[in-house]
2 protein chains.
Amino acid sequence: MPEAPAQAERFGKARAERSTALLEDYVELIADLFAANGEARAADVARRQGVTHPTALKNIARLRREGLVTARPYRGLFLTDAGRKLADAARARHRVVVDLLIAVGAPREAAEADAEGMEHHVSKATLKAFERFLAERRPADRDEAPQRQADEDESKTS
Amino acid sequence: MPEAPAQAERFGKARAERSTALLEDYVELIADLFAANGEARAADVARRQGVTHPTALKNIARLRREGLVTARPYRGLFLTDAGRKLADAARARHRVVVDLLIAVGAPREAAEADAEGMEHHVSKATLKAFERFLAERRPADRDEAPQRQADEDESKTS
DNA sequence: GGAAAAATTTAGCCGAGGCTACATTCCTGT
DNA sequence: ACAGGAATGTAGCCTCGGCTAAATTTTTCC
């Protein structure tokens with residue numbers, strides 16, 4: 001069993017990460033929607049999060065309080081510089097986590113699903129280790145050509 | 001960008017896992033305390049979780065509602081069969097996650113800290129992949145044949 | 001132009017999980 | 001044996017993140 005204070009610190013860290021997970025998920029989603037549609041609407045965020053619109057709006061209100069998003073009433077959502085920065089970091093980390101899970105043998109569908117929850121708890125040091133591991137394993141990979149037909153053959157193995 | 005329904009499902013899965021994370025952490029901790037001290041007290045749980053004792057008590061009340069723990073007033077905590085089963089699974093998974101993080105190059109301290117949050121989001125399929133990867137990597141190490149004397153030693157050194 | 005539909009926002013409820021302050025019960029040391 | 005300190009429990013408050021219901025604003029369509 002670990003030392004009590006060290007263990008308490010780890011649990012506290014995990015709790016803190018849980019509270020930022022929602023922020024990261026939302027800004028990442030808003031960035032994706034903006035890139036895909038030229039705008040990010042609250043209704044789309046709600047639909048993709050699998051929550052009702054009021055819930056999404058309440059959470060977006062929190063993003064605004066935290067200075068990650070701006071929005072004028074009845075208009076779309078816009079990331080601030082801080083929001084964009086956070087979204088970029090979250091997206092990059094997400095991709096590394098998915099790639100690592102696949103590299104160690106996780107089925108693609110499981111990797112994508114698990115990464116959604118795991119990514120928020122990956123520290124800088126661990127992320128660096130993931131990147132190093134992937135670089136050794138697949139030195140020529142990492143390009144941006146994103147055609148991924150492999151998704152379709154995956155049955156719902158959940 | 002993934003399909004909207006699939007993405008919503010992933011987010012929903014992550015939310016559900018977040019709600020069971022506390023249960024798993026607590027039963028695992030109670031099992032460890034019981035093994036180490038012959039009893040599990042609420043004050044110890046609070047201290048090791050890094051929360052105040054009323055918070056721990058409230059969460060333990062939830063464990064009782066969920067049938068994972070029994071307790072008589074002013075007495076220690078006891079896991080039910082369901083609680084023990086959950087604790088064993090959580091502990092085994094925790095160990096695999098830590099080992100995997102170390103195996104791919106994460107510093108030990110980061111691995112232990114990150115695993116605390118990540119473990120709750122590792123699906124069965126991904127866990128199996130982790131085990132396979134570790135078995136290939138370290139064939140003679142850590143196999144399931146002998147009992148792991150290291151566990152008992154660590155318990156006493158607190 | 002105006003009515004119907006769609007999107008957005010507000011209001012209010014709930015449970016989970018933090019906290020402080022205070023009450024109670026156990027246990028230990030003198 | 002009992003007084004004081006430690007452990008346990010209770011009460012009440014907070015925020016976060018779900019929800020439904022209803023109000024408001026925008027958009028669309030006739």
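First the proteins, then the strands, lettered A, B, ... as listed; each starts at 1.
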(request) Counting Watson-Crick and G-U wobble pairs whose two distances are both under 3.5 Å, find the runs of 3 or more in a row that involve DNA chain C. (result) C:1-30 with D:1-30
(message) Is there a side-chain contact (heavy atoms from CB on, under 4.5 Å) between A:Gln49 and A:Tyr26? Walk through the geometry before answering.
(response) CA-CA 8 Å; A:Gln49 278 287 329; A:Tyr26 272 60; 3.6 Å; yes
(request) Using side-chain contact (heavy atoms from CB on, under 4.5 Å) as the criterion, point out the one residue from A:Leu33, A:Asp44, A:Ile30, A:Val27 that pairs with A:Leu77. (result) A:Ile30
(request) May I ask you to decide whether A:Arg132 forms a salt bridge with A:Glu136, counting only side-chain N to carboxylate O separations under 4.0 Å? (result) no
(request) Decide, yes or no, whether a salt bridge links A:Glu116 with B:Arg15 under the criterion of side-chain N to carboxylate O below 4.0 Å. (result) no
(request) Indicate yes or no: at least one non-hydrogen side-chain atom of A:Val98 is less than 4.5 angstrom from one of A:Glu119. (result) no
(message) Quick one, B:Arg48 and B:Asp32 - any side-chain contact, counting heavy atoms below 4.5 Å?
(response) no
(request) Using the ring-ring contact (aromatic ring centres under 6.0 Å, His included) rule, collect all pairs that involve residues 77-122 of chain B, keeping only residues at least two apart or in two chains. (result) A:His121-B:His121, B:Phe34-B:Phe78
(message) Could you check whether B:Glu17 pairs with B:Lys13 (Lys NZ or Arg NE/NH1/NH2 to Asp/Glu carboxylate O, under 4.0 Å)?
(response) yes
(request) Give me the residues of residues 21-57 of chain A where at least one heavy atom lies under 4.0 Å from an atom of DNA chain D, by number, or none. (result) A:Leu22, A:Val51, A:Thr52, A:Pro54, A:Thr55
(request) Evaluate the side-chain proximity of A:Leu29 to B:Gln7: yes if any heavy-atom separation is below 4.5 Å, no if none is. (result) yes
Using residues 81-90 of chain B as the side-chain source, report each donor-acceptor pair under 3.5 Å to any protein atom, sequence neighbours left out, with the distance given to one decimal.
residue, atom, partner, partner atom, Å
B:Asp81, OD1, B:Arg84, NH2, 2.9

(message) Counting only heavy atoms and a strict 4.0 angstrom limit, can you tell me which residues of residues 10-18 of chain A come near DNA chain C?
(response) A:Arg15
(request) Return the value, rounded to whole Å, for the distance between atom CZ of A:Arg64 and atom P of D:dC16. (result) 15 Å
(message) What residues from residues 67-77 of chain A pass a heavy-atom cutoff of under 4.0 Å to DNA chain D?
(response) A:Tyr74, A:Arg75
(request) With side-chain contact (heavy atoms from CB on, under 4.5 Å) as the test, would you mind laying out the steps for A:Leu68 and A:Leu79 before giving the verdict? (result) CA-CA 6 Å; A:Leu68 300 169; A:Leu79 293 179; 5.6 Å; no
(message) Whether the side chain of A:Arg64 engages the backbone of A:Ala71 through a donor-acceptor N/O pair (distance < 3.5 Å, no angle test) should be reported.
(response) yes
(request) Measure from NZ on A:Lys58 to C1' on D:dT15 and round the result to the nearest Å. (result) 10 Å
(request) For the residue pair A:Arg10 and B:Glu109, establish whether any side-chain heavy-atom pair is separated by less than 4.5 Å. (result) yes
